[in-house]
Amino acid sequence: MADRWVLAPAEGGGVDVAALGPDGLLAGPVLREADLVRAVRERPDVTRWVWRSTAEVYPRLLAAGLRVERCYDVEDAETLLLGHEGRHGEPRSAAAALARLRGGPVPPDPAHRSAAPGAQSSLFEPGSVQSVPVPLADLAEVYAEQQRRHGRAEHPERMRLLTGAESAGMLVAAEMNHAGLPWSADVHRAVLHELLGERYAGGGEPRRLAELADEVSAAFGRRVRPDLPADVIKAFAQAGIRVKSTRRWELQSLDHPAVRPLVEYKKLYRIWVAHGWSWLQDWVREGRFRPEFMAHGTVTGRWVTNGGGALQIPKVIRRAVVADPGWRLVVADADQMEPRVLAAISRDPGLMEVAGRASDLYQAVSERAFSGDREQAKLAVLGAVYGQTSGDGLKNLAALRRRFPRAVAYVDEAARAGEEGRLVRTWLGRTCPPAAGAGDEGTEEAGIPVGGDEEGGDGRQWVPGYASSNARARGRFARNFVVQGSAADWTLLLLAALRRTCAGLAAELVFFQHDEVIVHCPEEETEAVVAAIREAADLAGRLTFGDTPVRFPFTTAVVECYADAK
DNA sequence: GGCCGAGGCGCC
DNA sequence: AAAGGGCGCCTCGGCC
């Protein structure tokens, strides 16, 4: 039996399946099956299912208790391939890919929808491209053409790795959505009560917030709404203090009795509105928080979640993430992921040598370039990655450049390419749109017209030899993109490898946040899971970046409560 | 009523 | 003169 099969939902509720040959074309008859789940269950030897959209098919398989080994998501691959080819804006649906292949009119993509609170994974939306059926033979044609397009990529093998890894990521995301994050509503309520005090009838502010608001008003000598920035700025002005904003870092530099209760209010207010009682009501069911993870969320390849703010859970609220009885959470955090990735992609000898050890990377960098000052070393590295151009950043960057010239040159070159509107790619070939990181050309930025090129068209003072602010924003974006995006490439491989190991266990991947993964497993599996994470990290490092000395160590904690991991 | 940008802040 | 990247999501206020 061929290892690759293609699958397409058919009109009338059934599904078509067929075996694929090495060229990606049909290698057998198209078989009509009445039931999707049975069609997959009866073919356990299939090692990779090719389908149009993981989100369309896989939740239904999971709901029936079925998992697949691998998949290939045609529409996700289409997005990555279009980007690699410098055609970011073009419609990405399988129907659009087919139309391009055949030279017909290309249908536009549907507008994206967001999930309602607590909604299960979405399937079909009437009128969207998702509901326009693409016959199986046509889908296979698109797939075969995509295989040929991989061959024309800058690095074909890396591109194949990228689309395969992102498809694996989509399986992981669907499985996480299915599993949910263990969540104790009782603990959450206890934390809220401890921080915010009693709730008053009518849905107004809880006791602690009301008290802090009174303290703020008392400090100003008049009624002030601490949740309204304009009101706060006016109150400070009346007290003879000019502030440009009410951001915490700006407030904290002021000497005024309102500052302490104001900062405390803003912190608790945030928890109340974003992760308070109504959040609990909306997002937690039967002991699980179910956000919708999406493995294809951002330009850089980082994931996003839809609903529930799952990637922004405040540290104090993590006390509510509690393993089931007899189970544990294995919380694994990649150590200094971004500089290690920078070492791997730049091949800077000094940085690779430092990143070849599991010990604290920033400490080692500081000993080579910053007289042992770890904080300065960390700021310098992050400044290089984020494009910091002021203050101590410049001085630190110079020190970094002396000792790690290739690493700094790598991100500098990415920034230059971004400013000049050239394509910038991650290590595996994910490609940044040429205009990303700035507003659309021709629109306005901060009320000032933005020019369409680097000729200083933003109306501000033009310095010869330097790019416009719009172009510089693109440069910063591109500089960060190569590191953040290549890190995302690596984490996809990591998740894919970890998923394969966990497939033989009861363990479930339940959470992923850029450089951190949580596995929920029976107590007796924790040792195996910890080992699996280490092995997956090594494997992902070799597969993604090839032969380098760079290592990717993890800090792992086996806990019953997420908050105890830090 | 809904939509959108700004201000702000949570996480990485 | 200086200007740090990516997200989601809350509020308000302006707008249709």
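Note on naming: letters A, B, ... go to the chains in the order of the sequence lines (proteins, then strands), and numbering restarts at 1 for each one. Heavy-atom basis, side chains included; hydrogens, waters and symmetry copies ignored. Computed from a prediction, not measured in an experiment: that's the story for all the values here.
- Residue A:Phe481 is classed as having no contact, given no heavy-atom separation below 4.0 Å to the nucleic acid.
- Donor-acceptor pairing under 3.5 Å, judged by distance alone, is absent between the side chain of A:Arg270 and the base of C:dC10.
- Counting only distance, with no hydrogens or angles, the side chain of A:Arg290 and the backbone of A:His178 share a donor-acceptor pair below 3.5 Å.
- Contact between the side-chain N/O atoms of A:Ser245 and the OP1/OP2 oxygens of B:dG7 is not found at any separation under 4.0 Å.
- No contact: A:Asp227 has no heavy atom under 4.0 Å from any strand.
- Judged by distance alone, with hydrogens and angles left aside, A:Arg302 brings a side-chain donor or acceptor within reach of the base of C:dG6, the pair sitting under 3.5 Å.
- Although no hydrogens or angles enter the test, the distance criterion places a donor-acceptor pair under 3.5 Å between the side chain of A:His88 and the main chain of A:Thr431.
- Side-chain polar atoms of A:Thr79 and A:Arg92 form a donor-acceptor pair below 3.5 angstrom.
- With respect to the salt-bridge test (charged N to carboxylate O, under 4.0 angstrom), the residues A:Arg260 and A:Glu215 qualify.
- Using a 4.0 Å heavy-atom criterion, one finds that A:Ile313 contacts the sugar-phosphate atoms exclusively.
- Within the 4.0 Å cut-off from OP1 or OP2 of C:dG5, at least one side-chain nitrogen or oxygen of A:Arg476 is found.
- Comment: A:Lys378 does not engage A:Glu375 in a salt bridge, judged by the lack of any side-chain N to carboxylate O separation of less than 4.0 angstrom.
- Side-chain atoms of A:Glu516 lie closest to B:dC12 of the nucleotides C:dG6, B:dC12, B:dG10.
- Taking side-chain N and O atoms only, A:Arg248 has a distance below 4.0 Å to OP1 or OP2 of B:dG10.
- For A:Gln312 against C:dG8, a side-chain N or O and a base N or O form a donor-acceptor pair under 3.5 Å.
- Residue contacts shown for A:Ile271 are absent, as no nucleic acid heavy atom lies under 4.0 Å away.
- A:Gln513 comes within 4.0 angstrom of the backbone, heavy atoms only, and of no base.
- The nearest whole Å value for the distance from the CG atom in A:Asn306 to the C1' atom in C:dG8 is 9 Å.
- Taking 4.0 angstrom as the limit, A:Lys315 places a side-chain polar atom (N or O) nearer than this to OP1 or OP2 of B:dC12.
- No aromatic stack links A:Tyr386 and the base of C:dG4, using centre distance under 5.5 Å and interplanar angle under 30°.
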